[in-house]
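Predicted model only: the values in this text are computed from it and were never measured. Reminder, nothing fancy here: chain letters follow the sequence lines and each chain counts from 1. All values below come from the heavy atoms of this structure, side chains included, with hydrogens, waters and symmetry mates left out.
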2 protein chains.
Amino acid sequence: MPTASQALNGRARISDQTRKRVARVARRLRYAPHAAARRLILGRSNSAAMVPGSNMTGMFSDLFYRAVLAGVGGVFEEAGYRMLITPPLRSASQPPQFVEMASAREIDGVLVAGAVDGRWVKQTMDTGMPVVLLDNHLPGKPVPAVVNDNTGGAYSGTRHLAELGHTRIGFMGAAVDYPFGRETHDGYRRALTDAGLPVDPALEIIIPIDAERAREGAGALLSLADPPSAIFAVTDMLALGVTTAARERGLAIPADLSVVGMDDIDLAAVTNPPLTTVRIAKEAMGRRAARMLLDLIHGDDVDPRLVILPTELVVRGTTGGHR
Amino acid sequence: MPTASQALNGRARISDQTRKRVARVARRLRYAPHAAARRLILGRSNSAAMVPGSNMTGMFSDLFYRAVLAGVGGVFEEAGYRMLITPPLRSASQPPQFVEMASAREIDGVLVAGAVDGRWVKQTMDTGMPVVLLDNHLPGKPVPAVVNDNTGGAYSGTRHLAELGHTRIGFMGAAVDYPFGRETHDGYRRALTDAGLPVDPALEIIIPIDAERAREGAGALLSLADPPSAIFAVTDMLALGVTTAARERGLAIPADLSVVGMDDIDLAAVTNPPLTTVRIAKEAMGRRAARMLLDLIHGDDVDPRLVILPTELVVRGTTGGHR
DNA sequence: CGGCAGTGTCAAATCGATTTGACATCCGCT
DNA sequence: AGCGGATGTCAAATCGATTTGACACTGCCG
């Protein structure tokens, strides 16, 4: 079948006419080349693994990761690459599935979204397999990564509240084991300091990202003797938990309490009132990371090993001036 | 390397001592067999595709999907199988990724969860690739499938309300393009008829599964001149939308309105009040479907092509007697 | 007529792991 | 000594697609 192969793959010495004839026959016979055989001789599989980090509750649950996934998928599809999503991480001591797939050379590259044990990343990279981190980075390690400007985002959200005249601004942070948690906290505190406001640890609550916990946490903040008049939450889901808790206490938004989220999930624009939030360029993040991985697979050097994407403040209906 | 292969794969004529020695060396060299080469000679890849149907991509089916995934993953892992999740369906006219993977023999079987175009299923099965549907079935077609007893579940949820003395029982159905929608509707109507209650189309609302629509829909039902005193919703998320809408109108639950959901997501037990619901055996569904697929892959005949799993009514705090 | 470009056929090598059958040792037992 | 069982070595075939180089054929041009 050398002729057939050359015709289908656009190689040498085959006229257009023959090429088309072969293609027609192949279609009629429903012929599809055997992926493993191709992989073996060509040395590449044209597929990459997308790994949901341990902070992802589920690949599709998270509106955040769905948007990222769309960006990644678009670039891969355009490049003729296949994206395989691995299941959520298994028992901690065993290597996650992507490590096995990488060492068996089933894939050409790995894209890890979110929290991951650096040990597995290192082991995979040591075998020469390209890895790109997404929404996560290993500080001090030369692992290519694409992240959001979490510090800057938290800064601009908090500053917005300060500029509206609020002086007691609460913080709802996320307890996660990757840099996002610390970075947002930094941004919040820095904005307070720059605005000449004191940092009050009593106004800071750090919880796992979870619907119930968010409402409880917000309730605790609002029950303080001297409660905040505004709250910056590090994700939109947390911010929505805050608005729910406020409504349960009879507080009007934004009259009694201003709220800023971060993310700009689809839902944010249609809540009542629509949520003021710091938009994360989710699709761009996915696209950028996917392109970086493809470059690495093709052997190109990627220039900045760490890409930080800027955020954008989107002022909607949940923020107002301090009385 | 015949000896090495025989040692690692537990084949003939190799003493335990040599076996161990080979294993040690292999580990030190970080040797892992090339998946494609193995696939080629062995004729199987020990991996299967898990396909999220077009209804599984949304956030609300997600808690459901996660539980199913856990069941599937457990069985696969135990069997030494790898599960690859394909990304959400791409543009409608192109074949979804699992079809390509199947025709290139990258996988040994396909598990489709939820709504899927029957055309692709047929095309895949025609090539001899085992396919099992999960939470979906193609009526009249001999495609192996594992489903919930949706009719029975809706029946028991509705009957529970009738037994509590409710006579005007609303229905909140899902507008989806697979049997779930029709089956739950049937179960609801049948329960009414069996209880000697009239069917009133004005009490039936059928909407896409979506947070906003659920609240609006419930609002419409509760605004009727002669509103229902109880509502059966076909998913827990819809039921929670109902309770939210009721609370917004100052109705107490269950005093003024009884609500029953279906699913029993984790959240259902911790809401206030905890949700009465019809439990779907989600993990069992995943396990059963995974086992069926493995049987088909191993060439065994599966006996009932359609497995229907029973539901269980879980009475919690959102249902009470009719005044 | 000789040569050459354009096109197609064909056999052989290649990718990496596994399986098989032939052959070689070594050991213990009769 | 001779035999059989246990164990290990080795060369060769296999899986399916691709690539390469040798060769053949046609038709056109100088």
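Closest approach to the His34(A) side chain among dT19(D), dG16(D), dA17(C) is made by dG16(D) (side chain taken as heavy atoms from C-beta onward). Checking dC15(D), dA17(C), dT18(D) against every side-chain atom of Leu40(B), the shortest atom distance belongs to dC15(D).
Contact between the side-chain N/O atoms of Arg39(B) and the OP1/OP2 oxygens of dC15(D) is not found at any separation under 4.0 Å. The side chain of Arg38(A) contributes no N or O atom lying less than 4.0 Å from OP1 or OP2 of dG16(D).
In terms of modelled atom types and a separation under 3.5 Å, the side chain of Lys282(B) and the main chain of Asp264(B) share a donor-acceptor contact. Counting only distance, with no hydrogens or angles, the side chain of His34(B) and the backbone of Ala36(B) share a donor-acceptor pair below 3.5 Å. Using modelled atom types, no side-chain atom of Asn148(A) and backbone atom of Ile280(A) make a donor-acceptor pair closer than 3.5 Å.
Distance CG (Leu29(A)) to P (dG16(D)): 16 Å, rounded to an integer number of Å. For the pair Arg44(B) CZ and dT14(D) P, the interatomic distance rounds to 20 Å; values are reported in whole Å. In this structure, the CD1 atom of Ile41(A) is 12 Å from the C1' atom of dA12(C), given to the nearest Å. Atom-to-atom, CG of Leu42(A) to P of dT18(D) comes out at 6 Å; the value is rounded to the nearest Å.
In this structure the side chain of Leu84(A) never reaches within 4.5 angstrom of the side chain of Met50(A), judged on heavy atoms.
Classification of the Phe76(B)-Tyr81(B) ring pair by plane angle, with boundaries at 30° and 60°, yields tilted.
For the helix from dC1(C)-dG30(D) to dT30(C)-dA1(D), the terminal axes (five pairs an end, C1' atoms, rotation from four pairs onto the next four) enclose an angle of 60°, given to 10 degrees.
The number of heavy-atom neighbours closer than 6.0 Å to CZ of Arg288(B), taken from other residues, nucleotides and ligands shown, is 12 or below.
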